[in-house]
Amino acid sequence: NLLDRVVFNLVAGGTKNFFCGMAMGFDIAAAECVLNLKKDNKSLKLTALIPCPEQYEKYSESYKQRYKRILENCDKKIVISNSYYDGCMFERDRMLVDSCDVLVCYIRRNFGGTFYTVNYAKQKNVSIIEL
């Protein structure tokens, strides 16, 4: 799996702190990848950046379970807003970029949250690994 190799190589290169936006899809898979490596490397830290408590409410039951497992096993949880508002997801995206040296992403289209985040990272001169 490409994602596993990328995260493994980041860890091998000295990366210890990872941040996840907890969105369904790539974010959840990436967090699980970090947690799998963390089993053998206790120095790794995972921080969940949660835009609002309602984030996972529309997720499928299987994603809700994955989401909850990640939160149970991450080292830190930061909730951006106490309730949903237009823009809280983008605020989370900016915090992700502002917290990282390297952004690992999977982008499929020229709009939406991932597209916004990647462009923000480019503006901030953050290194990007696009899968």
Side-chain angles (χ1 to χ4, degrees):
N1 179 316
L2 181 58
L3 176 59
D4 290 329
R5 287 195 312 265
V6 166
V7 174
F8 180 84
N9 287 335
L10 286 169
V11 171
T15 301
K16 301 246 183 270
N17 298 307
F18 292 85
F19 296 84
C20 176
M22 299 301 291
M24 195 166 55
F26 186 80
D27 282 19
I28 296 293
E32 290 170 336
C33 181
V34 171
L35 289 175
N36 282 334
L37 288 175
K38 190 173 158 76
K39 291 175 188 174
D40 296 323
N41 186 339
K42 302 299 182 199
S43 68
L44 298 182
K45 303 294 181 207
L46 178 63
T47 299
L49 297 178
I50 304 162
C52 60
E54 303 92 348
Q55 178 184 24
Y56 72 97
E57 287 181 354
K58 294 183 181 177
Y59 290 3
S60 68
E61 193 55 41
S62 65
Y63 264 105
K64 285 180 182 177
Q65 294 306 316
R66 292 169 74 186
Y67 184 96
K68 289 175 185 177
R69 263 194 312 276
I70 291 165
L71 289 183
E72 289 168 0
N73 291 289
C74 69
D75 298 283
K76 189 174 179 182
K77 301 165 206 67
I78 299 173
V79 179
I80 309 301
S81 173
N82 291 329
S83 61
Y84 175 83
Y85 68 89
D86 282 343
C88 70
M89 303 293 180
F90 292 124
E91 187 172 341
R92 179 265 329 265
D93 297 340
R94 289 187 297 274
M95 184 178 281
L96 270 170
V97 171
D98 293 341
S99 300
C100 74
D101 297 319
V102 177
L103 176 71
V104 179
C105 64
Y106 176 69
I107 187 165
R108 294 179 288 165
R109 47 188 191 210
N110 299 355
F111 60 91
T114 304
F115 183 73
Y116 173 85
T117 305
V118 169
N119 282 324
Y120 184 72
K122 288 176 182 176
Q123 291 172 12
K124 294 292 200 167
N125 293 315
V126 170
S127 295
I128 300 168
I129 299 173
E130 188 176 327
L131 308 181

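Along the sequence shown, residues are numbered consecutively beginning with 1.
Between Leu71 and Ala48, the shortest heavy-atom distance links the atoms CD2-CB, 3.7 Å. Among all heavy-atom pairs drawn from Lys68 and Tyr56, the shortest one is CE-CE1, 4.2 Å. Minimum interatomic distance between Ala121 and Val97 (heavy atoms only, all atoms of both residues): CA-CG1, 3.6 Å. When all heavy atoms are compared, the tightest approach of Lys45 to Lys42 is NZ-O, 3.8 Å.
Between the CD atom of Glu91 and the SG atom of Cys52 there is a distance of 11.0 Å, given to the nearest 0.5 Å. In this structure, the separation between CG on Leu96 and CG on Leu49 is 5.0 Å, given to the nearest 0.5 Å. Here the CD1 atom belonging to Ile50 is positioned 6.5 Å from the SG atom belonging to Cys74, to the nearest 0.5 angstrom. Within the model, atoms CE of Met95 and CD1 of Ile78 stand 5.5 Å from one another, a figure rounded to the nearest 0.5 Å. In this structure, CD in Gln55 is found 12.0 Å from OG in Ser81, a value given to the nearest 0.5 Å.
Residues passing the salt bridge (Lys or Arg N to Asp or Glu O under 4.0 Å) test with Asp98: none are found, sequence neighbours excluded. Taking the ring-ring contact (aromatic ring centres under 6.0 Å, His included) definition, one finds that Tyr116 meets it with Phe90, sequence neighbours left out. Tyr59 meets the ring-ring contact (aromatic ring centres under 6.0 Å, His included) test with Tyr67; sequence neighbours excluded.
Residues Ile70 and Leu46 form a side-chain contact, since some pair of their non-hydrogen atoms from C-beta on lies under 4.5 Å apart.
Grouping the Ile, Leu, Val, Met, Phe, Trp and Tyr side chains by contacts below 4.5 angstrom, directly or via other members, places Ile129 apart from Tyr120. Using a 4.5 Å cut-off between side-chain heavy atoms of Ile, Leu, Val, Met, Phe, Trp and Tyr, with links allowed through other members, Phe26 and Ile128 fall into different hydrophobic clusters. Placement of Val118 and Val102 in two distinct hydrophobic clusters is found when ILVMFWY residues are connected by side-chain heavy-atom separations under 4.5 Å, directly or transitively. The same ILVMFWY cluster, assembled from side-chain heavy atoms under 4.5 Å apart, contains both Leu37 and Val104.
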Apply side chain to side chain contact (heavy atoms under 4.5 Å, CB included) to the pair Tyr63 and Ile28, showing each step before the final yes or no. CA-CA 8 Å; Tyr63 264 105; Ile28 296 293; 4.0 Å; yes
Should Lys38 and Asp75 be marked as a side chain to side chain contact (heavy atoms under 4.5 Å, CB included) after you check the CA-CA gap, both sets of side-chain angles, and the distance that decides it? CA-CA 11 Å; Lys38 190 173 158 76; Asp75 298 283; 2.8 Å; yes
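When the shell of 6.0 Å around NZ of Lys124 is examined, it contains 12 or fewer heavy atoms from other residues, nucleotides or ligands. Annotation for Lys76: atom NZ does not count as buried by contact number, only 12 or fewer foreign heavy atoms lying within 6.0 Å. Atom CG of Asn82 is surrounded by 12 or fewer heavy atoms from other residues, nucleotides or ligands within 6.0 Å.
Here the side chain of Asn73 pairs a donor or acceptor atom with the backbone of Arg69 at under 3.5 angstrom.
In this structure, Tyr84 belongs to a hydrophobic cluster whose other members, linked by side-chain heavy atoms under 4.5 Å apart, are Met89.
For the side-chain hydrogen bond (donor to acceptor under 3.5 Å, both in side chains) condition, the pairs that include at least one residue of residues 25-34, sequence neighbours left out, are Glu32-Arg66.
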For a quick test of your reading: what N or O donor-acceptor pairs under 3.5 Å do the side chains of residues 2-22 make, sequence neighbours left out?
{"unit_1": "Asn9", "atom_1": "ND2", "unit_2": "Arg5", "atom_2": "O", "d": "3.2"}
{"unit_1": "Thr15", "atom_1": "OG1", "unit_2": "Leu10", "atom_2": "O", "d": "3.2"}

